[in-house]
Amino acid sequence: MSESEHAGSPGPAGRPAPRAVRAIDPSQLPKHFDATAVAERWDRFWQEEDVYRWDPSRARAETFVVDTPPPTASGSLHIGHVFSYTQADVVVRFKRMTGMNVYYPMGWDDNGLPTERRVQNYYHVRCDPNTPYEPGLRLEQANAETRKKPARLVSRPNFIEACFDLIKEDERAFSVLWHRLGLSVDWQLEYQTIDDHCRRIAQRSFLDLWNKGHVYTSEAPMMWDVDFQSAIAQAEIEDKPVPGAFHQIEFAVEGGDRIVIATTRPELLPACVGVTAHPDDPRYKPFFGKRAITPLFRAPVPIFPSELADPEKGTGILMVCTFGDQTDVQWWRTQGLALRQVVGLDGRLRPVDFAAAPYESLDVAKANAAYAELVGKTVKQAQARIVEMLRDPAGSATGGGAPLVRDPEPIQHSVKFYEKGDRPLELLPTRQWFCRLLDHKSELIAKGEEVEWHPAHMRARFRDWTENLSLDWCLSRQRYFGVPIPVWYPLDAQGRPDYDRPIVAEAEAMPVDPTTDVPKGYTAAQRGAPGGFVGDPDVFDTWFTSSLTPQISSHWSVDPARHAKLFPADVRPQGHDIIRTWAFYTIAKALLHENTVPWHHALISGWILDPDRKKMSKSKGNVMTPLPLIETFGADAARYWAASARLGADTAFDENVFKVGKRLVTKVFNAAKFVLALPADDAPVTHELDRAFVGELRALVESVTQSFEAYQYAHALQETETFFWTRFTDTYLELTKVRARGEGTGTSRGRGAAEADLASGSAIAALRLGLSVLIRLLAPVLPFITEEVWSWSFAAEHAAAAGDGSASRSVHRAPWPAPPELARVAPPDEASSFEIAIAALAAINKAKADAAVSMGREVDRLVLQASEATLAVFSGVRADVLAAARVDHCEAEPSGTLGDGAFAIRSIEFAERPAAG
RNA sequence: GGGGCGUUAGCUCAGUUGGUAGAGCACCGUGUUCACACCGCGGGGGUCACUGGUUCGAGUCCAGUACGCCCCACCA
C-alpha cells in the first residue's frame, strides 16, 4: 500500500496555514491481517532487494559470521527445525539491525549414511561396487510389491546418482520451509557438503592433518555396523536396552577339572581365545596357567588372571572372544591372544577351518562339523542354533552332560548400537584411518573453555565428553556417498598394498576420487597392477566434512583474505545432542589446523518435547510437521513460539503459544493501522504525557538491547511484548487517542485551536515514534508483520531521511533503536507522569466496570482522590486522562490515607446512555 | 557409579545482585458500533517439591532428600 500524501486535510478552523501531512488511508488496508497472503510477497522482496546479502568488502570488525548448521536434508521436516533455526535467526536479525554485515549461509548436509539409507529404502536398492555402471538408469520409488523382492543391486556410480537425485528433492523441501519461516540467510551462500568446494576443503583438511602427523591408518578392532557395513565412531554409538540371556556353559580344564563360564554371547564360542577370572578368586586360582577346552569346538585356550574380571558377575569366570566387547580387545592385546574372527563384515558367521591357524581344535573333524551348523547364519540365528547344540551332551568337552548346564536366564541389558542402526554393533578388526585426539585432550578442553557457551552449563557437556574420550576419531567409512579419502597405496611386486606408505593427493589436485583419479607419477594402466597403485575405496565420516563448516564458509586453504575475514566465526547455533559430535569435532579441527577456536559463541538450543514432555522422535510417532502449523497460525506466530523459549531450554510443545503469537501479530497490525492513519506533520514531542511515554520507551530500548546482546532474545521479546500491550496499546494509545485526533473534551475544550493543534501533533509524533521503535524491537521475531507495517510509511521516511537513497526499504536493515534517537525528546517534568496517568485511568475504568457500564460511557461528574504528591503529578496529565475516560467534570480531592500513585473514586455520575440506533 | 538440568497458579513459563510471589493461556464476572471480538475492563487461584542451615529477612545462597529428564561410565 502506498502512502497517501495530501495537504490541507480538514483540520480545526483557524489553522495558520495548511501544512504537509502524512497519513495512510486505512480503508485501503485489508480488514484483517492475512499472514499467509503476505508471506510470499515479503520473501520475494527480501530476495530481490538483497536485504540479507553479505558484503565482502566490509571490515571484519563490522562482520557477524554465523556458522549455520547444515541440516541433514534426508531427515524429515520437524517442528524442532523451526524451533532451533528461528532462535538463531532472531539473534542474527538483531545483529543485522545493529549495522553488522552478516554472513549467514545455508548448507545441506547431504553426504553420508542418512542419505544412503534413504536411497536404499526409497528405491529398495543396495550399492554393489562389483556391479557394472548402467548409464541412464532411472530408478523408481519402490512399492509394496517390489519391496517383497530382494533389494536390487546397483553400481557405485548409479547409487551415487540416485543419492544426488533424491537430495535435490529433500533440499527443496527444506528450502521452502526456510523461506516460509523467513530465515534471513543469504541464499547466495548456499552449499552442499557433497559439492566440489566442500570435498576440496575436506580433503585439504586431511592433507594438513597428514602433514602434521595427526592422522594414521591402522588395522584394529573397530565398532562395525553390519547393516551399513561400515566402521562407526565413538560419538555415533548409542546404548539401547535389549533383551538377552545369560548362558552358563561348561568348559573342560586340562587335567580333568571343569569350569562353568557365563556369557550373553554363546555364538562367539568358536571365537573363544581365552578364559579369565579375578586373580584373587579362590574358585579359579588353581586353574591359572592351565588351558581350558571349549565345548563343541574342543579348542584349548589359556586361563589367565585379570583384575578386570568381576567375581560377583555371572560365575566369576568368563570367556574371552574376538571380539565380544571392548574388554575382550584389551585382553586380546595384553595377553597376546589369537585372533579368531568368526563374525564377518555382513554380520554372518564366515567360513573358517579349525585345522588351520589361528583356529585350533583337539578334534578338528568335530569342530568343523559343529561350525558347519553355524556358518552363513546371522549372529542371532547362530546364537539360537548353538544353544540347541549346547544342550546336546555330545558337544561336551568334559565328557559329562550337556555343555549348557542350565536354561538360559533372560536378562535386560544395554548393547551398543550405531545411533541410526537397527542391529547391535560388532567389534571387527578392519583397516581404518584415525585422527589423533587422545593426545590433545587437554588442548581440546582448553579450547572448549575459551568458547562462550549459551547457556553456560553446556560447557560442562563438552568438557565431560572430552575428558572421557577413550578412542581416537575413526575417520574412514566403508560407504559410497561421501567425500573420498584422497589416498592411494603403492602395490608391491606381488600386488599387495603397502599401507605404511600411502600416497596422499596434492592440494592443487583436490578434490580427487582415488577410485578413478591417478596419483602423480603413475599411469591409469598401473591401477591394480603389481608395482602400481590402488585407490582407497573409503569415504570420510560425514563429521569430517561438517566439522569444517566455518572453514567451508571462509574458503580456508583457497582464499586467505576471505578466510581471515570470516574465521573464526562469531556464533555457532546447534542442538545439545550434537555437542559431542559436531561441536566437538569442529573445535578439534580448528585446534589441529590453526590452534584456535572455530567460533566465539556457541548458542545451544533445546529440544521440542511433546505435550507429555517426551522427546519427539520418528519412532515414537509423535513428530509434528511444521508447515501445517505455519499455515494455520502464520510464520510470525511460529517464530514467536520458538523465540519464547530460552536457549538450551527443552520446551513442551504448546499450541497456545502459537495463538498468543498470532494475537500479537494482529494487534501490531491494528495498532499500526490506527497510528499511521493519524495525520503526521513533524511536530515536536512537547506534551508532558508524551515526553513521559518516550522516557519509558527509552528505558525499554536500553533493556531490550542489553538482553539481545547477551543472546537473551526470549527475555527481550517478553519485555517488548509486555510494553507493547500494557504501555502502548492499552494505555498510551488510549490516553492520547482523543488529543491526537484533535478532538478534546472537558477541560481541554477551552483551548485555542493552535494550541490544540500543537498538542495533537505532539501526541501523533510520540505515537509514531513509539510504533516505529516497537516495530523494530519486534522485527527480529516477527519479520513479516513488521515489514508489512514498516512499508506503509516508515520505509519511505527512512529513505527520505537518508537522502542519498542508500537506506534500505526493509525494516530488517533499519537502524536498531538507540538512546540518541529518543534523546531528541526532552525528559518529562515528572518522571512518574506516565504511571500516574495509567493509574488514574485504571481507577476510573474500574469504577465503570464495577458499575457494569461500558468503558466508553461518558462521565458527567467525578470526584477523584489521591495523595497531594500524586495529584500534583496528575495535574500535568489530567486533560489526557479525563479525555480518555470521557469525563466531563472532575474534582480532585487530596487524601491523607492513599499512598503515592494510588487513586480512589469517591463518586462517579454517568451521563445518560445515548439512545440506541 | 560420576556429572548436568529441572521441580513456582489447572496448563506453559518469567522471576536480575536475597527485600511483601508475576505473565500468558484456561476459568469466572462484565462490557463493547467510534484501530482491533484475532477486543476491552475486572476477579478468583500458589506452604515457590521436601527437610535442615546461613540471615533481621530465602523462590533466590548452602547442605541433604525425593521425583522427572539428559549425558557419561559399567554392561561376562
Side-chain angles (χ1 to χ4, degrees), chain A residues 26 29 31-33 239 241 244 246-248 261-265 268 275-277 308-310 312-321 324-328 411-416 455 457-461 463-465 467-470 576-577 579-580 606-607 609 611 613-615 633-634 637 641 644-646 648-657 659-660 662-678 703 706-707 712 714-715 718-719 721-722 725-726 729-730 733-734 737 741 841-842 844-857 916-917:
Chain A
L29 290 171
K31 182 89 178 128
H32 299 299
F33 178 66
D239 285 352
F246 264 127
H247 303 75
Q248 297 205 355
I261 64 103
T263 179
T264 55
R265 301 209 51 187
L268 290 181
V275 167
T276 187
L308 298 173
D310 181 352
E312 301 296 314
K313 278 188 185 163
T315 56
I317 190 160
L318 65 138
M319 66 171 181
V320 179
C321 307
D325 62 29
Q326 205 65 46
T327 334
D328 282 346
I411 54 158
Q412 191 80 11
H413 61 157
S414 33
V415 174
K416 290 189 193 316
H457 67 81
M458 291 296 176
R459 171 180 282 121
R461 296 226 190 160
R463 198 191 318 114
D464 288 353
W465 173 259
E467 278 170 357
N468 289 321
L469 202 65
S470 60
H576 53 64
D577 49 332
I579 288 175
R580 65 175 184 167
W607 274 335
L609 310 174
R613 295 205 70 85
K614 295 275 180 290
K615 187 188 170 187
F633 297 102
W641 163 74
S644 296
R646 294 161 304 154
D650 293 346
T651 304
F653 178 82
D654 184 359
E655 200 175 272
N656 279 325
V657 183
K659 288 183 186 158
V660 175
K662 185 173 177 178
R663 207 170 64 106
L664 174 61
V665 168
T666 304
K667 193 73 173 180
V668 168
F669 176 83
N670 286 315
K673 198 159 70 168
F674 174 76
V675 169
L676 294 176
L678 297 167
S703 172
Q706 220 168 39
S707 292
Q712 313 252 0
H715 194 254
Q718 187 65 58
E719 269 189 289
E721 187 192 6
T722 302
W725 285 102
T726 70
T729 64
D730 288 348
L733 207 148
E734 295 297 336
K737 212 180 222 178
R741 288 204 192 99
L841 180 63
I844 300 170
N845 282 343
K846 180 157 163 47
K848 288 182 178 178
D850 289 346
V853 302
S854 150
M855 289 304 127
R857 185 71 173 273

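First the proteins, then the strands, lettered A, B, ... as listed; each starts at 1.
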Query raised in the report: Starting at the 5' end of RNA chain B, which residue's closest nucleotide do you reach first, Thr729(A) or Val660(A)?
Result: Val660(A)
**Report entry** Most 5' of Ser644(A) and Asn670(A) on RNA chain B, judged by nearest nucleotide
**Finding:**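 The residue closer to the strand's 5' end, by nearest nucleotide, is Ser644(A).
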Which whole number of Å gives the distance between the [atom1] atom of [N] and that of [M]?
N	M	atom1	value
rC48(B)	rA58(B)	C1'	11 Å
rG6(B)	rG44(B)	P	32 Å
rA14(B)	rU8(B)	C1'	10 Å
rC61(B)	rC67(B)	C1'	23 Å
rC74(B)	rA66(B)	P	26 Å
rG40(B)	rC34(B)	P	13 Å
rC62(B)	rG68(B)	P	24 Å
rU16(B)	rC11(B)	P	23 Å

Report task. Kindly write out the residues that satisfy side-chain contact (heavy atoms from CB on, under 4.5 Å) with Val415(A), not counting sequence neighbours, or none if the list is empty. Result -> Val242(A), His413(A), Phe417(A), Pro424(A)
Requested in this report: Enter the distance from Trp641(A):CH2 to Thr651(A):OG1 here, rounded to the nearest 0.5 Å.
Outcome: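 The CH2 atom of Trp641(A) sits 7.5 Å away from the OG1 atom of Thr651(A).
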Query - Gap separating the NZ atom of Lys662(A) from the CD atom of Glu655(A), nearest 0.5 angstrom - result: 10.5 Å
Tabulate protein N/O versus nucleotide N/O from nucleotides 14-16 of chain B, keeping only pairs under 3.5 Å, one per line.
residue: rA14(B); atom: OP1; partner: Arg646(A); partner atom: NE; Å: 2.3
residue: rA14(B); atom: OP1; partner: Arg646(A); partner atom: NH1; Å: 3.3
residue: rA14(B); atom: OP1; partner: Arg646(A); partner atom: NH2; Å: 2.0

Query raised in the report: Does Lys846(A) have any salt bridge (charged side-chain N to carboxylate O under 4.0 Å, His left out) partners at least two apart in sequence or in another chain, and if so, which?
Result: Asp850(A)
What pairs of nitrogen or oxygen atoms, one from the protein and one from nucleotides 9-11 of chain B, lie under 3.5 Å apart?
none

Report task. Looking at every strand, decide which applies to Leu733(A) at a 4.0 Å heavy-atom threshold: base, sugar-phosphate, or nothing. Result -> base
Requested in this report: Report yes if some heavy atom in the side chain of Phe246(A) is under 4.5 Å from a heavy atom in the side chain of Lys313(A); otherwise report no.
Outcome: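 Phe246(A) does not reach Lys313(A) side chain to side chain.
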Query raised in the report: Do the non-hydrogen side-chain atoms of Asn670(A) and Phe33(A) ever get within less than 4.5 Å of each other?
Result: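 Not in contact.
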Looking at [options], which one has an atom nearest to any side-chain atom of [X]?
X	options	result
Ser854(A)	rC39(B), rG31(B), rC13(B)	rG31(B)
Ala671(A)	rC25(B), rA35(B), rG42(B)	rA35(B)
Trp725(A)	rA35(B), rG40(B), rC13(B)	rG40(B)

Query - Side-chain-base donor-acceptor pair under 3.5 Å for Lys667(A) and rC36(B) - result: yes
Requested in this report: Can you check each nucleotide of nucleotides 71-76 of chain B against protein heavy atoms at under 4.0 Å and return B for base, S for sugar-phosphate only, - for none, in 5' to 3' order?
Outcome: -SSBBB
**Report entry** Partners meeting side chain to side chain donor-acceptor pair (under 3.5 Å) with Asp464(A) (sequence neighbours left out)
**Finding:** none
